[in-house]
Q: 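Before we start, here is the structure in question, set down as structure tokens.
What you see is a predicted model, and the numbers here were worked out from it, not measured in a lab.
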Amino acid sequence: LEGDGATAQLDADEHLLPSFVEYVRVLFPRPSEAHPLLRLSAWVKFVHYQLRVLPAPNTSLLRRLDVVDSTDFPLIVGRLAARAELTTARAFSHRGDPRQLLWLKSQLEHNQAVDWSEAEEVWAQHYITDVDALRQLLAVCPDPRQCIGAIQS
């Protein structure tokens, strides 16, 4: 290794460690079910553990971040005065027509948020007639019961 050994080791390790997106994809098969700050905290701890950096990071500081969940990395939009509650989180949602079931399927395949309450309102007035598209949607839905619940209302 040339140069500073510590720097060279970090350079080598950065190529072996998974990115946040890769880490989440493997450890959180349904990322929308875990608060973005929990996913971020788990990844930070993992990286520190893998690099054997001491002391361990104080990830409780992350709970002061105001974040919006996104498909790749949580978007940090500000700093909170108090620690964030980890029971709910905001997420970006692309506007679309819930009558287009294949559009909804694509949204879910790309880890985009779906407004199921909007889908419920639309489906109450416009019945689903494309059974094959519904089957495809349910196949990628992280929680098929939520989708079915929006249809049944």
Side-chain angles (χ1 to χ4, degrees), residues 1-98 100-121 133-151 153:
L1 297 174
E2 294 180 18
D4 178 16
T7 303
Q9 183 62 43
L10 284 176
D11 289 343
D13 287 341
E14 83 177 18
H15 298 291
L16 300 175
L17 292 172
S19 69
F20 175 79
V21 174
E22 294 165 332
Y23 178 82
V24 168
R25 192 175 298 133
V26 171
L27 263 63
F28 296 91
R30 294 182 174 161
S32 61
E33 293 180 3
H35 194 283
L37 292 177
L38 289 176
R39 298 190 314 259
L40 184 57
S41 176
W43 179 71
V44 167
K45 288 177 181 178
F46 171 79
V47 168
H48 273 77
Y49 176 78
Q50 292 299 314
L51 295 176
R52 293 167 181 79
V53 176
L54 295 175
N58 180 3
T59 58
S60 66
L61 297 173
L62 295 174
R63 290 190 55 191
R64 297 286 305 270
L65 297 175
D66 186 11
V67 298
V68 177
D69 206 359
S70 180
T71 56
D72 292 328
F73 194 85
L75 299 175
I76 301 168
V77 295
R79 192 178 76 181
L80 301 171
R83 290 170 41 138
E85 293 296 324
L86 301 178
T87 54
T88 60
R90 295 178 294 166
F92 280 112
S93 174
H94 294 276
R95 299 290 299 162
D97 186 352
Q100 303 296 321
L101 301 182
L102 294 180
W103 173 81
L104 284 172
K105 174 184 175 271
S106 176
Q107 290 296 104
L108 292 172
E109 288 174 328
H110 293 96
N111 260 351
Q112 297 290 333
V114 171
D115 185 347
W116 291 109
S117 60
E118 179 187 6
E120 182 178 344
E121 290 174 18
L134 176 61
R135 182 189 56 74
Q136 291 179 50
L137 173 62
L138 290 172
V140 299
C141 191
D143 184 1
R145 293 173 297 180
Q146 193 173 28
C147 181
I148 297 292
I151 295 170
S153 297

Q: Determine whether Pro18 and Val26 make a side-chain contact, defined as any pair of heavy atoms from C-beta on separated by less than 4.5 Å.
A: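 No, side chains not in contact.
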Q: Would you find a donor on one side and an acceptor on the other, under 3.5 Å apart, between the side chain of Arg64 and the backbone of Leu80?
A: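 Such a contact is found between Arg64 side chain and Leu80 backbone.
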Q: Can you confirm whether Glu85 is buried at CD, in the sense that more than 12 heavy atoms of other residues, nucleotides or ligands lie under 6.0 Å from that atom?
A: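 For Glu85, atom CD is not crowded (no more than 12 foreign heavy atoms under 6.0 Å).
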Q: Measuring only between side-chain heavy atoms, which start at C-beta, is Leu27 closer than 4.5 Å to Trp43?
A: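 Not in contact.
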Q: Less than 4.5 Å apart, any side-chain heavy atom of Pro74 and any of Leu37?
A: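 No, every pair of side-chain atoms sits at 4.5 Å or beyond.
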Q: To the closest 0.5 Å, what do you measure between CG (Leu17) and CG (Leu51)?
A: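 Those atoms lie 5.0 Å apart.
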Q: Do the side chains of Gln136 and Leu101 get nearer than 4.5 Å, heavy atoms only?
A: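 No; the side chains remain at least 4.5 Å from each other.
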Q: Quick one: closest heavy-atom pair of Gly96 and Pro98, and the distance?
A: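 Answer, listing the atom of Gly96 first, then Pro98: O-CD, 3.3 Å.
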Q: Could you state the interatomic distance from SG (Cys147) to CG (Leu134), rounded to the nearest 0.5 Å?
A: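 Those atoms lie 6.0 Å apart.
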Q: So, the side chain of Gln100 versus the backbone of Asp97: is there a donor-acceptor pair under 3.5 Å, distance only?
A: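 Absent.
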Q: Check each of Val67, Val21, Leu40, Val24 against Phe73 using the side-chain contact (heavy atoms from CB on, under 4.5 Å) test, and report the only one that passes.
A: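 That would be Leu40.
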Q: Heavy-atom distance under 4.5 Å between the side chains of Asp69 and Arg39, does that happen here?
A: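 Yes, close enough: below the 4.5 Å cut-off.
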Q: Nearest heavy-atom pair of Ala42 and Phe28: which atoms, and what distance?
A: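 Minimum heavy-atom separation between Ala42 and Phe28: CB-CZ, 4.3 Å.
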Q: Restricting to non-hydrogen atoms, name the atom on Thr59 and the atom on Ser41 that form the minimum distance, rounded to 0.1 Å.
A: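 The answer is OG1-OG, 3.0 Å.
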Q: Answer yes or no: is there a donor N or O on one side and an acceptor on the other, between the side chain of His48 and the main chain of Leu54, under 3.5 Å?
A: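 No.
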Q: Identify the heavy atoms of Val140 and Lys105 that sit nearest to each other, and give their distance.
A: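 Nearest heavy atoms, Val140 then Lys105: CG2-CG, 3.7 Å.
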Q: Give, for atom NZ of Lys45 and atom CG of Leu62, the distance between the pair rounded to the nearest 0.5 Å.
A: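 Between atom NZ of Lys45 and atom CG of Leu62 there are 9.0 Å.
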Q: A side-chain contact here means heavy atoms from C-beta on lying under 4.5 Å apart; do Phe20 and Val47 qualify?
A: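 No, their side chains stay 4.5 Å or more apart.
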Q: Calculate, to the nearest 0.5 Å, the distance between atoms CZ and CG belonging to Arg83 and Leu65 respectively.
A: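 If I round to the nearest 0.5 Å, the distance is 12.0 Å.
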